[in-house]
Amino acid sequence: MSKPGASPTILFAGGGSGGHIHPGVAIAEQVRRIVPGATIHFICKNQPLDRAILEAGGWAHAGIDAAPFVKSPKGLLRLARRWGGCVRTAREIIRNAPPGTVRVVAMGGYVAAPVAQAARAERAAVTLVNLDAAPGLANRWIARHAQQCFTAACVPERPSWTAINPIVRSAARASGDRAHCKRRLGFDPARPLLLITGASQGARSINRLLMTMISRAPGAFQGWSILHQAGPPAGDGADPDVAGAYEDAGIDARVVETIDNMGDAWGACDLAVSRSGAGSVAEIWANTTPALLLPFPHHRDQHQRRNAEPLVACGGARLVEDLVDPDRNFDSAGGALIDLMGDMDRREAMRLALRTLGPADGAEVVAASLLA
């Protein structure tokens with residue numbers, strides 16, 4: 001808790017992907033709304049992606065060379081070598097704040113763990129915000145030392161954690177109705193729009209699925225516009241010329257590395273193809289976007305499949321296993337996509353189903369708790 005009369009200092013810890021940073025930004029926005037004078041600082045991973053996200057929003061931040069929690073001799077050695085330096089950096093940041101004003105918000109993952117340890121050493125309160133349906137080693141460790149734990153995903157094995165609805169930043173919320181969002185993005189409001197997204201790093205298997213569909217079933221895209229976020233050239237989605245494949249087939253498509261205006265992208269599209277990371281699931285929920293979900297296939301705990309369960313259970317999304325091989329994916333996910341693109345009534349029913357889930361107001365709930 002902050003001292004009476006003192007402006008609070010909220011230190012968000014998390015990084016390595018947009019999925020660990022964007023929810024922190026959403027909570028920070030709500031903190032600033034409630035207490036404009038609050039001091040907000042982020043500790044992220046020392047890498048370009050994290051810095052770019054936080055610099056774009058003008059958020060103060062510092063990077064640390066955190067290592068994942070990996071149960072192998074090499075992984076444990078790497079963790080041990082980096083742990084001390086990460087903790088020291090975080091302790092210095094905490095000490096620079098007025099005594100008694102700091103609250104650390106661990107946004108989950110290995111970047112947050114040494115910051116939580118620094119908070120323990122400096123006697124600063126820790127709040128864990130869990131985002132995935134299968135909490136990893138780092139989150140389970142942080143939870144043992146946190147004063148409060150929130151979870152934006154259903155985790156039945158952690159009944160003491162406070163369940164909240166998804167956490168979504170303002171930039172990931174549509175600015176108006178579908179026609180408005182299409183115009184803002186430069187698309188024809190009269191044409192249906194398909195959004196393809198592999199999240200911040202892209203998704204190679206999704207890119208290859210679409211390239212196979214372009215080759216084998218180009219007629220499925222007739223009358224549609226496509227916004228395809230393929231990821232950076234060096235990212236997971238790196239692949240041959242996706243844009244060229246669309247162009248050669250005469251398909252109206254815009255292929256980009258990243259989407260800055262993600263809220264309007266969700267709001268503009270009539271259907272999305274996406275991974276089901278916690279951030280993507282939250283944004284689909286918030287924008288009531290009908291979606292075909294292909295969970296990342298290489299996670300041992302398959303937490304992306306569990307993340308998607310609320311959307312699938314209500315009828316707002318369809319989940320198909322990512323079989324990785326583009327020909328096998330064409331037969332399964334490709335067939336599902338063609339079915340959905342051809343059934344406007346089904347898509348509208350999915351949109352209505354998503355509205356029954358309630359507001360994506362998790363950021364407001366966490367911010368209010370931090371400032372209570």
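Worth knowing before you read on, the calculation uses all heavy atoms, side chains too, and leaves out hydrogens, waters and symmetry mates. Since the structure is predicted, the reported quantities are computational estimates derived from the model, not experimental observations. Heads up: numbering here begins at 1 and tracks the sequence.
- Side-chain atoms of N139 do not come within 3.5 Å of backbone N or O of A134 as any donor-acceptor pair.
- With side-chain heavy atoms closer than 4.5 Å counting as contact, directly or through intermediates, the hydrophobic cluster containing I259 also holds L185, F187, L193, L195, L227, V256, M262, W266, V281, I284, W285, L293, L311, L354, L357.
- Annotation: side chain of L340 is not in contact with side chain of P290 (no heavy-atom distance under 4.5 Å).
- Atom CG of D188 and atom NZ of K182 lie 8.0 Å apart (nearest 0.5 Å).
- Taking each heavy atom of D50 and Q47 in turn, the nearest pair found is OD1-NE2, 2.6 Å.
- The two residues M350 and G315 come nearest to each other via the heavy atoms CG-O, 3.4 Å.
- Taking the six-membered ring where the residue is Trp, F221 and Y246 present perpendicular rings, their angle passing 60° and hence far from 30°.
- Note on I142: it does not cluster hydrophobically with V155, by side-chain heavy-atom contacts below 4.5 Å among ILVMFWY residues.
- Annotation: the span from D361 atom CG to Q30 atom CD amounts to 9.5 Å, rounded to 0.5 Å.
- Taking 4.5 Å as the limit, every side-chain heavy atom of C154 sits out of range of all side-chain heavy atoms of E309.
- Counting only distance, with no hydrogens or angles, the side chain of E257 and the backbone of G231 share no donor-acceptor pair below 3.5 Å.
- By the 4.5 Å heavy-atom criterion applied to side chains, D322 and R275 are counted as neighbours.
- Atom CZ of F330 sits about 8.5 Å away from atom OG of S215, to the nearest 0.5 Å.
- Put simply, the side chain of P23 does not reach to within 4.5 Å of the side chain of V129, judged on heavy atoms.
- Listed for the N287 side chain is a donor-acceptor partner under 3.5 Å among the backbone atoms of E283.
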Steps toward side-chain contact (heavy atoms from CB on, under 4.5 Å) verdict (R158, C149): CA-CA 10 Å; R158 303 283 170 172; C149 299; over 6 Å; no

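- Closest of all the heavy-atom pairs between V111 and G14 is CG1-C, 3.9 Å.
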Trace of the side-chain contact (heavy atoms from CB on, under 4.5 Å) decision for V126 with H145: CA-CA 8 Å; V126 176; H145 308 291; over 6 Å; no

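- The pair D65-R81 does not count as a salt bridge, with every side-chain nitrogen at least 4.0 angstrom from each carboxylate oxygen.
- Following chains of ILVMFWY side-chain contacts shorter than 4.5 Å, one can reach I34 starting from I10, so the two form part of one hydrophobic cluster.
- Considering only heavy atoms from C-beta on, L54 comes within 4.5 Å of V25 through its side chain.
- In this structure, the separation between CG on L194 and CG on L292 is 9.5 Å, given to the nearest 0.5 Å.
- Closest heavy-atom contact between T288 and R355: CG2-CG, 3.5 Å.
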CA sep, side-chain torsions, deciding dist, call: M107, I27, side-chain contact (heavy atoms from CB on, under 4.5 Å): CA-CA 10 Å; M107 297 305 302; I27 298 168; 4.0 Å; yes

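- Aromatic pair F12/F42: ring centres closer than 6.0 Å.
- Separation of atoms CD (Q304) and OG (S280) is listed at 7.5 Å; rounding is to 0.5 Å.
- Using a 4.0 Å cut-off between a side-chain N of Lys or Arg and a carboxylate O of Asp or Glu, E29 and R169 do not qualify as a salt bridge.
- Within the 4.5 Å cutoff, side-chain heavy atoms of L209 are placed close to those of L294.
- Residues A90 and A118 share a closest heavy-atom pair of CB-CB, 3.5 Å.
- Listed for the D327 side chain is no donor-acceptor partner under 3.5 Å among the backbone atoms of N329.
- A continuous path of ILVMFWY side-chain contacts below 4.5 Å connects W161 to L137, so both sit in one hydrophobic cluster.
- Ion pair D252/R191 flagged as a salt bridge, since at least one NZ, NE, NH1 or NH2 atom sits closer than 4.0 Å to an Asp/Glu carboxylate oxygen.
- Under a 3.5 Å cut-off, the side chain of R183 and the backbone N or O of P189 do not form any donor-acceptor pair.
- Formation of a donor-acceptor pair under 3.5 Å by the R306 side chain with backbone atoms of D132 is not found in this model.
- One side chain, T101 or T9, offers a donor N or O that lies under 3.5 Å from an acceptor on the other.
- Around the CD atom of Q222, the shell of radius 6.0 Å holds no more than 12 heavy atoms that belong to other residues, nucleotides or ligands.
- Placement of I164 and V168 in two distinct hydrophobic clusters is found when ILVMFWY residues are connected by side-chain heavy-atom separations under 4.5 Å, directly or transitively.
- Transitive grouping of hydrophobic side chains (ILVMFWY, heavy atoms separated by less than 4.5 Å) keeps L210 and L323 in distinct clusters.
- Here the side chains of L337 and L271 are in contact, with some heavy-atom distance below 4.5 Å.
- Within the 4.5 Å cutoff, side-chain heavy atoms of R305 are placed close to those of L319.
- For the 3.5 Å distance criterion, the side chains of T289 and R178 fail to qualify, holding no donor opposite an acceptor.
- Side chain of Q148 to main chain of T127: no donor-acceptor pair is present (N/O by atom type, distance under 3.5 Å, no hydrogens or angles).
- There is no side-chain donor-acceptor pair under 3.5 Å between D264 and H180.
- Summarising the geometry, atom CH2 belonging to W141 is positioned 4.5 Å from atom CD belonging to Q117; distances are rounded to the nearest 0.5 Å.
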T212 vs R328, side chain to side chain donor-acceptor pair (under 3.5 Å): CA-CA, chis, key distance, verdict: CA-CA 10 Å; T212 302; R328 294 179 68 203; over 6 Å; no

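- Summarising the geometry of M341 relative to W224, their closest heavy-atom pair is O-CZ2, 3.3 Å, with the distance given to 0.1 Å.
- Of the candidates R103, R88, R95, E122 forms a salt bridge (charged side-chain N to carboxylate O under 4.0 Å, His left out) with just one, namely R95.
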Evaluation steps, side-chain contact (heavy atoms from CB on, under 4.5 Å), between I21 and L49: CA-CA 10 Å; I21 299 175; L49 172 66; over 6 Å; no

